[in-house]
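Worksheet: the structure to be examined is printed underneath.
This structure is a prediction, so every number in the text was calculated from the model and none was measured. Numbered from 1 within each chain, the chains take letters A, B, ... in sequence-line order.
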There are 2 protein chains.
Amino acid sequence: MELSERKRLILQAIIEDYIQTAEPVGSRNIAKNHDLGLSAATIRNEMADLEEMGYLDKPHTSAGRIPSEMGYRFYVDSLMQRYSFTMEEIANLQHSMDRKFMRLESVISEISDTISKVTNYPAIVEMPSCQKSRLRNLKMMLIERGIVLIVVVTEEGVVRNKRMGVAEEIDYEIIDTISDFLSGQLTGLCADDLTASRLMLIYEAMAQYGALLKSVVEFVLDCLEDSQNRVYIGGASNILNNPEFENIDRARKFLSFIDSHENITKMLGTNEIDENEHISIKIGSENGVEEMNDTSLVIANYSVGGKLHGKIGIIGPKRMNYARVVSSLEVINQRLGEILGKMLYGED
Amino acid sequence: MELSERKRLILQAIIEDYIQTAEPVGSRNIAKNHDLGLSAATIRNEMADLEEMGYLDKPHTSAGRIPSEMGYRFYVDSLMQRYSFTMEEIANLQHSMDRKFMRLESVISEISDTISKVTNYPAIVEMPSCQKSRLRNLKMMLIERGIVLIVVVTEEGVVRNKRMGVAEEIDYEIIDTISDFLSGQLTGLCADDLTASRLMLIYEAMAQYGALLKSVVEFVLDCLEDSQNRVYIGGASNILNNPEFENIDRARKFLSFIDSHENITKMLGTNEIDENEHISIKIGSENGVEEMNDTSLVIANYSVGGKLHGKIGIIGPKRMNYARVVSSLEVINQRLGEILGKMLYGED
DNA sequence: TGTTAGCACTCACTTTCGCTGAGTGCTAAC
DNA sequence: GTTAGCACTCAGCGAAAGTGAGTGCTAACA
């Protein structure tokens with residue numbers, strides 16, 4: 001059954017008031033504060049209808065109404081208007097993200113700070129990763145006698161390195177030879193290409209350095225698989241600004257969930273974003289994580305050069321300023337892509 | 001004025017009871033639960049003395065006593081006995097730290113998790129850094145046309161890298177030449193050695209690549225100075241397990257302080273550890289940070305190979321299980337040194 | 001038939017008030 | 001010097017009463 005225009009207006013008014021005040025909203029307030037040209041009694045009738053239809057809940061008989069999950073869902077799908085930032089706000093926002101970044105880590109943690117500052121909710125930022133990366137460069141350098149540094153660059157531009165102990169007698173020339181050999185053998189391949197038989201051939205070709213080769217290949221494999229989908233969490237304490245978390249037990253439950261990167265990773269894993277929309281809103285139980293059933297999750301995909309990608313988002317109470325959060329994520333998302341592009345591919 | 005043996009025993013009993021229960025402790029309880037062979041009335045007299053001398057406070061007339069900051073200070077300096085872990089506990093603890101670590105970041109964040117799990121307080125771990133590092137290796141590699149990767153290794157074994165855009169026409173050979181030249185010029189130097197005049201000479205020697213040289217040197221300088229003394233914070237939500245933080249405003253104040261890395265860095269900066277002791281305990285206002293005056297800070301120095309060093313520690317309520325915290329930090333601290341040594345210098 | 005005013009009713013929240021019990025300080029006796 | 005006894009204090013708890021925002025229903029009005 002379709003909602004009448006009037007019901008939609010009333011529902012919207014209720015949800016927006018509730019988002020602002022966190023108090024159950026009553027018919028009188030709607031009549032007074034919104035110019036609907038209706039009396040409280042009429043609104044009461046409509047509210048009774050909306051409740052019956054499942055869009056509103058009542059905490060108890062003599063309180064006002066609050067939106068149900070279904071009410072929020074309808075709101076974000078059909079009623080919500082985008083929050084529009086002023087040009088100035090956008091400029092400030094972008095400016096606050098433009099710093100001299102030396103490391104990927106600092107970009108990511110800076111972005112999570114920015115998100116949490118703008119939205120006033122705890123922010124989540126995933127490190128960029130990729131489905132199936134290929135090796136672009138492999139270089140071994142002798143740092144000092146007995147220690148070699150291995151540098152791996154993937155097709156997507158991710159660089160990683162590792163120090164490794166080697167026999168004392170191995171010198172610069174040997175390392176260069178091994179380095180060139182391995183580089184030639186492995187460049188352009190992805191993890192799946194490195195079959196056992198292929199590796200056998202490689203080890204045999206330079207059998208006297210088998211152990212070293214093995215360690216290096218292991219490291220390369222680890223880089224290509226890059227299983228650690230690390231996430232950064234910023235502004236976790238922001239959650240305490242919301243009256244629904246004044247209960248210390250609830251706050252503790254929330255914060256200790258948030259504290260664990262594993263939990264967040266799992267949560268992101270179970271909440272994939274539809275191909276054809278760039279932002280996904282999960283309201284309450286929709287997020288599929290039982291402990292977090294009374295919070296909403298808003299996440300966006302970002303991507304860099306069409307290869308690397310990850311998610312950014314926020315977690316907050318179901319009563320959340322969805323409009324503002326969505327707009328913030330859009331602005332930040334775009335800039336993040338630009339910053340990472342510049343950083344990883346040197347697009348200046 | 002010296003404290004009599006009996007006063008010391010009573011003070012210790014009060015502090016330890018209070019640490020356990022978080023409730024003001026009364027004379028009757030001390031008489032009953034501790035085998036001092038004294039009646040409650042006698043203990044009351046002694047408690048009155050201790051209060052007068054400044055070791056105890058009274059929240060209000062008809063409650064028991066709680067330790068004052070001075071009381072805690074005396075306790076940790078003179079009364080506290082070390083908490084002794086069983087061999088099994090130590091083994092478990094060490095085992096939980098021994099994982100396959102690929103990156104410095106994961107070691108650090110793992111350690112901060114371990115500390116917070118063992119102590120049940122929020123943990124702080126500083127990234128290792130060093131006063132004055134020298135360049136050990138510099139290597140530039142052309143990743144693809146137009147992009148060069150710079151790898152810097154310092155004397156202490158810290159490796160950093162950066163991608164940089166270069167002119168299209170620069171090929172492998174040119175990069176190798178530049179790389180060897182710069183490496184020859186800069187290896188063994190520290191940031192202070194790179195005076196303006198010395199840099200001038202370098203730039204002039206290969207004037208046609210002046211801009212590139214400049215960028216590379218800038219990056220090297222940044223690595224050597226390594227101003228970012230990053231910290232990791234783990235288990236922040238643990239603070240909510242302590243009854244003194246059931247007040248939501250206090251919890252918020254604490255958590256939002258903790259949320260900011262800047263705050264923590266500043267706090268660590270103002271709390272140096274005395275040369276001749278490896279662990280420092282700052283009780284309440286002693287930590288010098290006004291917002292954190294009702295919390296205590298316990299920090300330890302760790303060092304790797306005598307060069308790299310940093311701090312680990314915890315923040316908790318003044319009513320803290322100091323004995324256990326100190327012992328935990330000692331065990332963890334030692335293992336951390338071993339793990340980092342293995343990782344950075346390949347001491348297997 | 002849709003809208004509105006009026007009224008009785010509900011119920012969370014706040015305030016008040018007295019009670020309880022743990023704890024203290026003082027005094028007098030051992 | 002130690003202890004028993006007693007009067008006094010005061011936070012915390014729970015019951016009771018009061019307050020007010022909000023609802024549902026009914027009847028009258030346009």
Side-chain angles (χ1 to χ4, degrees), chain A residues 1-11 13-15 17-18 20-68 71 243-244 246-248, chain B residues 3-11 13-15 17-18 20-68 71 243-244 246-248:
Chain A
M1 169 179 160
E2 274 295 302
L3 287 184
S4 69
E5 181 60 21
R6 195 168 74 178
K7 280 198 173 58
R8 295 162 63 108
L9 281 174
I10 291 176
L11 182 56
I14 293 172
I15 294 182
D17 274 21
Y18 184 64
Q20 254 203 334
T21 63
E23 298 289 327
V25 346
S27 50
R28 232 175 90 86
N29 272 315
I30 296 291
K32 240 195 305 187
N33 302 334
H34 298 259
D35 220 7
L36 300 178
L38 296 171
S39 80
T42 311
I43 291 172
R44 266 205 296 284
N45 288 329
E46 296 286 38
M47 280 163 86
D49 287 354
L50 285 167
E51 185 184 345
E52 204 176 329
M53 297 162 81
Y55 293 100
L56 295 178
D57 278 343
K58 227 187 336 191
H60 55 87
T61 19
S62 70
R65 304 298 209 294
I66 62 174
S68 66
E244 31 274 271
E246 291 207 335
N247 175 322
I248 200 82
Chain B
L3 286 185
S4 69
E5 181 60 21
R6 196 167 76 177
K7 280 199 172 55
R8 295 162 63 108
L9 280 175
I10 292 177
L11 181 56
I14 293 173
I15 294 182
D17 275 21
Y18 184 64
Q20 253 202 337
T21 63
E23 299 289 327
V25 347
S27 51
R28 232 176 89 85
N29 273 314
I30 295 292
K32 242 195 303 186
N33 303 333
H34 298 259
D35 218 8
L36 300 177
L38 296 170
S39 79
T42 312
I43 292 173
R44 264 201 303 281
N45 287 329
E46 295 287 38
M47 280 163 86
D49 286 353
L50 285 168
E51 185 185 344
E52 205 176 328
M53 297 163 81
Y55 293 101
L56 294 178
D57 278 343
K58 225 186 340 190
H60 56 86
T61 21
S62 70
R65 303 299 211 292
I66 62 174
S68 67
E244 31 273 273
E246 292 208 336
N247 176 321
I248 199 83

Response to the item:
With the side chain defined as heavy atoms from C-beta on, R6(A) is closest, among dT3(C), dC10(D), dT23(D), to dT3(C)

Worksheet item: Between the side-chain atoms of S62(A) and the base atoms of dT10(C), is any donor-acceptor pair under 3.5 Å?
Response: yes

Fill in: For A40(B) against A31(B), the heavy-atom pair lying closest together
N-CB, 3.8 Å

Worksheet item: With both distances kept under 3.5 Å, what pairs with dA27(D), Watson-Crick or G-U wobble?
Response: dT4(C)

Practice prompt. Figure out the CG/C1' separation between N33(A) and dG22(D), and round it to whole Å.
Written response: 15 Å

Discussion item. Can a donor-acceptor pair be found, under 3.5 Å and without considering hydrogens, that links the side chain of S68(B) to the backbone of G54(B)?
Written reply: yes

Discussion item. Looking only at the side chain of R44(A) (C-beta and beyond, no hydrogens), which of the listed nucleotides dT24(C), dT9(D), dG6(C) gets closest?
Written reply: dG6(C)

Item to complete: Rounded off to whole Å, could you give me the CZ-to-C1' distance for the R28(A) and dG24(D) pair?
Response: 17 Å

Fill in: Side-chain heavy-atom pair H34(A), L9(A) within 4.5 angstrom cut-off
no

Response to the item:
Pairing partner of dC30(C), by Watson-Crick or G-U wobble and under 3.5 Å for both distances, is dG1(D)

Worksheet item: How long is the line joining CG of D49(A) and C1' of dT3(C), in whole Å?
Response: 14 Å

Practice prompt. Give the rounded distance in Å between these two atoms: CD1 of I66(B) and P of dG23(C).
Written response: 14 Å

Worksheet item: Starting at NZ of K58(B) and ending at C1' of dC8(D), how long is that distance when rounded to a whole Å?
Response: 12 Å

Worksheet item: Is N29(B) near enough to dG23(C) that one of its side-chain N or O atoms lies under 4.0 angstrom from OP1 or OP2?
Response: yes

Item to complete: Check whether any side-chain nitrogen or oxygen of S27(B) sits under 4.0 Å from OP1 or OP2 of dT24(C), and answer yes or no.
Response: yes

Worksheet entry | Selected nucleotide, minimal atom distance to H60(B) side chain, candidates dG24(D), dC10(D), dT3(D) | dC10(D)

Item to complete: Name the closest nucleotide to the A41(A) side chain, picking from dA5(C), dG25(C), dA4(D).
Response: dA5(C)

Fill in: Side chain proximity check, L38(A) to R6(A), heavy atoms < 4.5 angstrom
yes

Fill in: Under 3.5 Å on both distances, the Watson-Crick or G-U partner of dG18(D)
dC13(C)

Worksheet item: Whole-Å distance between dT24(C) P and I43(B) CD1?
Response: 10 Å

Practice prompt. Let me know the distance between NZ of K7(B) and P of dT2(D), rounded to the nearest Å.
Written response: 10 Å

Worksheet item: In whole angstroms, how far is the P atom of dT4(C) from the CG atom of L38(A)?
Response: 6 Å

Item to complete: Would you mind classifying the nucleic acid contact of T61(B) as base, sugar-phosphate or nothing, using non-hydrogen atoms under 4.0 angstrom?
Response: sugar-phosphate

Item to complete: Assess whether side chain to side chain contact (heavy atoms under 4.5 Å, CB included) is satisfied between L3(B) and L50(B), documenting all intermediate values.
Response: CA-CA 9 Å; L3(B) 286 185; L50(B) 285 168; 4.1 Å; yes

